[in-house]
Chemist: 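Below: one structure in structure tokens.
Values in this document were obtained by computation on a predicted structure and should not be read as measured data. Any value given below was found using the heavy atoms of this structure, including those in side chains, with hydrogens, waters and symmetry copies removed.
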Amino acid sequence: MSRSAVNSSTTRRSLLLGAAGALGAGVAGTLGLPGSAFATGGAAAAAGTVYIASDSTAQTYSSGYYPQAGWGQKLSSYFTSAVTVANRAIGGRSSRSFIEQGRLAAIHAVIRPGDYLFVQFGHNDATVGNAERYTPPADYKEYLRRDYIRATRALGATPVVVTPVSRRSYDASTGKFNVSFPAYVDAAKAVAREENAALVDLSAASRSYLDRTGVEASKGIFLWLDAGQYPNFPGGVQDNTHFQERGAVEMARLVSRSVAGLGLPLSGEVVPTAAR
């Protein structure tokens, strides 16, 4: 999308963001938005809430999917009890469709000064064959800039750009893991730099972790399960994108460890176990 094309869609997306008041009531029920988090006061309110806008790699899964898990559902374990994590990640969404479906507007309806918005997309943006999801890297960059960074700052909250987490993709000749979605990783890093936004380079951190883990052992990070191993996956599964619980825990640890070094007020709320 050119800048002119982006500008031509501003009105439509502004209307989506402007609809936040209505969505606050209607979507709050379906997404579980914690609209009363600040009304009660206390330490959690003072520390703020971390909202997560992302896809299936970060989303929270019900017990019917165990052991599948997303890093967002494990993130709170690496912060003190003063921090509330509101995971709004949902599978199948790209940076664009998350906006078009009103999900970002729903977050902006309840986010408050002192809160944080962690944004990680790229996996679904890269699905060229899916018109609902596909978002070219240049468009993705502008959505991050305009809708996730600038619009969040306008509400007094702090955006944190998270590069897309690595898939189980590796060079068979070296055993080293590849950069997943490199054009989107580069775009995320560039817009964070241009907008002076906080950056968690989960792409690099997860790839480094996987290199240390090794190709074969990495199956225990991703959703590789034998037939009969878990009732929810009776036939087994070989999934190189999504995580089982151990992987989600490790990715959440990497995110929090990066946050600890960002120099944000939130950085002081990361628990020591994140550094291990």
Side-chain angles (χ1 to χ4, degrees), residues 30-34 49-81 83-94 98 103 107 116-124 160 162-169 177 180-181 200-210 212-260 270-271 273-276:
T30 58
L31 298 186
L33 298 174
T49 298
V50 173
Y51 291 89
I52 302 173
S54 189
D55 52 35
S56 58
T57 62
Q59 83 170 65
T60 297
Y61 291 86
S62 70
S63 59
Y65 286 87
Y66 186 82
Q68 185 171 357
W71 64 258
Q73 83 183 81
K74 300 297 182 180
L75 190 61
S76 62
S77 298
Y78 291 106
F79 287 98
T80 69
S81 59
V83 175
T84 298
V85 176
N87 189 12
R88 301 292 172 256
I90 185 167
R93 272 62 178 188
S94 64
F98 198 87
R103 295 178 182 278
I107 293 174
Y116 298 84
L117 175 63
F118 285 24
V119 52
Q120 180 217 243
F121 290 103
H123 288 68
N124 294 308
V160 177
V162 183
T163 56
V165 67
S166 294
R167 298 184 70 250
R168 188 174 177 271
S169 170
F177 282 77
S180 300
F181 318 108
V200 170
D201 193 355
L202 184 56
S203 170
S206 59
R207 193 169 67 257
S208 177
Y209 172 79
L210 292 170
R212 296 193 304 272
T213 301
V215 169
E216 187 62 27
S218 69
K219 292 177 181 178
I221 299 300
F222 291 89
L223 198 62
W224 273 63
L225 308 174
D226 295 331
Q229 188 176 0
Y230 289 96
N232 291 325
F233 297 88
V237 63
Q238 296 181 0
D239 184 335
N240 291 316
T241 297
H242 301 99
F243 304 107
Q244 55 181 293
E245 188 169 43
R246 177 191 164 197
V249 166
E250 292 296 344
M251 297 305 133
R253 180 180 62 82
L254 294 175
V255 170
S256 60
R257 186 166 66 180
S258 294
V259 170
V270 177
V271 299
T273 53
R276 295 177 184 172

Chemist: Would you call Glu245 and Lys74 a salt bridge, taking side-chain N to carboxylate O under 4.0 Å as the test?
Modeler: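 Yes.
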Chemist: Can you tell me how far the OG1 atom of Thr57 sits from the CG atom of Leu202, to the nearest 0.5 Å?
Modeler: 8.0 Å
Chemist: Going from OH on Tyr61 to CG on Asn87, what distance comes out if it is rounded to the nearest 0.5 angstrom?
Modeler: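 Here the rounded value is 10.0 Å.
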Chemist: Atom OG of Ser56 and atom CG of Asn124: how far apart are they, to the nearest 0.5 Å?
Modeler: 6.0 Å
Chemist: Just by modelled atom types, is the Leu210 backbone N or O under 3.5 Å from a matching donor or acceptor in the Arg212 side chain?
Modeler: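 No: the side chain of Arg212 does not pair with the backbone of Leu210.
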Chemist: Please step through side-chain contact (heavy atoms from CB on, under 4.5 Å) for the pair Val83 and Tyr116, ending with a clear verdict.
Modeler: CA-CA 10 Å; Val83 175; Tyr116 298 84; over 6 Å; no
Chemist: Give, for atom CZ of Arg88 and atom CG of Leu117, the distance between the pair rounded to the nearest 0.5 Å.
Modeler: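 The distance works out to 11.0 Å.
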Chemist: Is the distance between the ring centroids of Tyr51 and Phe118 under 6.0 Å?
Modeler: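 Ring centres of Phe118 and Tyr51 not closer than 6.0 Å.
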Chemist: Within the structure provided, determine whether His123 and Val165 are in side-chain contact (heavy-atom separation under 4.5 Å).
Modeler: yes
Chemist: Taking the side chain as every heavy atom from C-beta outward, state whether Met251 and Ile221 have any pair of such atoms under 4.5 Å apart.
Modeler: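 The answer is yes; the side chains approach within 4.5 Å.
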Chemist: I need the Ser180 OG to Asn240 CG distance, nearest 0.5 Å.
Modeler: 10.0 Å
Chemist: Nearest heavy-atom pair of Gly72 and Val85: which atoms, and what distance?
Modeler: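 So the two residues come closest at O-CG1, 4.1 Å.
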Chemist: With heavy-atom distances below 4.5 Å as the criterion, would you say the side chains of Phe243 and Val249 are in contact?
Modeler: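 They are not in side-chain contact.
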Chemist: Tell me if a side-chain donor or acceptor on Gln238 pairs with a main-chain N or O of Trp224 at a distance below 3.5 Å.
Modeler: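 Checking the backbone N and O of Trp224 against the side chain of Gln238, no donor-acceptor pair under 3.5 Å is found.
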Chemist: Taking side chain as C-beta onward, heavy atoms only, is Pro231 less than 4.5 Å from Tyr66?
Modeler: no
Chemist: Should Arg168 and Val215 be marked as a side-chain contact (heavy atoms from CB on, under 4.5 Å) after you check the CA-CA gap, both sets of side-chain angles, and the distance that decides it?
Modeler: CA-CA 8 Å; Arg168 188 174 177 271; Val215 169; 3.7 Å; yes
Chemist: With distance as the sole test, does Asn232 use its side chain to make a donor-acceptor pair with the main-chain N or O of Gly64 at under 3.5 Å?
Modeler: yes
Chemist: Should we count OH of Tyr230 as having more than 12 external heavy atoms under 6.0 Å?
Modeler: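 Buried by this count: over 12 neighbours within 6.0 Å.
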Chemist: Look up atom CZ in Arg207 and atom CZ in Phe177, then write down how far apart they are to the nearest 0.5 Å.
Modeler: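 Result: 11.0 Å between the selected atoms.
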Chemist: What's the verdict on side-chain contact (heavy atoms from CB on, under 4.5 Å) for Phe98 and Asp55, showing C-alpha distance, side-chain angles and the deciding distance?
Modeler: CA-CA 9 Å; Phe98 198 87; Asp55 52 35; over 6 Å; no
Chemist: Could you check whether any side-chain heavy atom of Tyr78 comes within less than 4.5 Å of a side-chain heavy atom of Leu254, counting everything from C-beta outward?
Modeler: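 Heavy-atom side-chain distance check fails, nothing below 4.5 Å.
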Chemist: Looking only at non-hydrogen atoms, find the nearest pair between Leu75 and Val50 and report the distance.
Modeler: CD2-CG1, 4.4 Å
Chemist: Between Ser208 and Ala204 (side chain of the first, backbone of the second, donor and acceptor by atom type, cut-off under 3.5 Å), is there such a pair?
Modeler: no
Chemist: Verify whether one side chain among Ser203 and Thr163 offers a donor that lies under 3.5 Å from an acceptor in the other.
Modeler: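 No, no side-chain donor-acceptor pair sits under 3.5 Å.
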Chemist: Do any N or O atoms from the side chain of Gln244 and from the backbone of Pro67 form a donor-acceptor pair under 3.5 angstrom?
Modeler: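 Pair absent, no side-chain N/O of Gln244 close to backbone of Pro67.
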Chemist: Sub-3.5 Å donor-acceptor pair from the side chain of Ser166 to the main-chain atoms of Ser206, do we have one?
Modeler: no
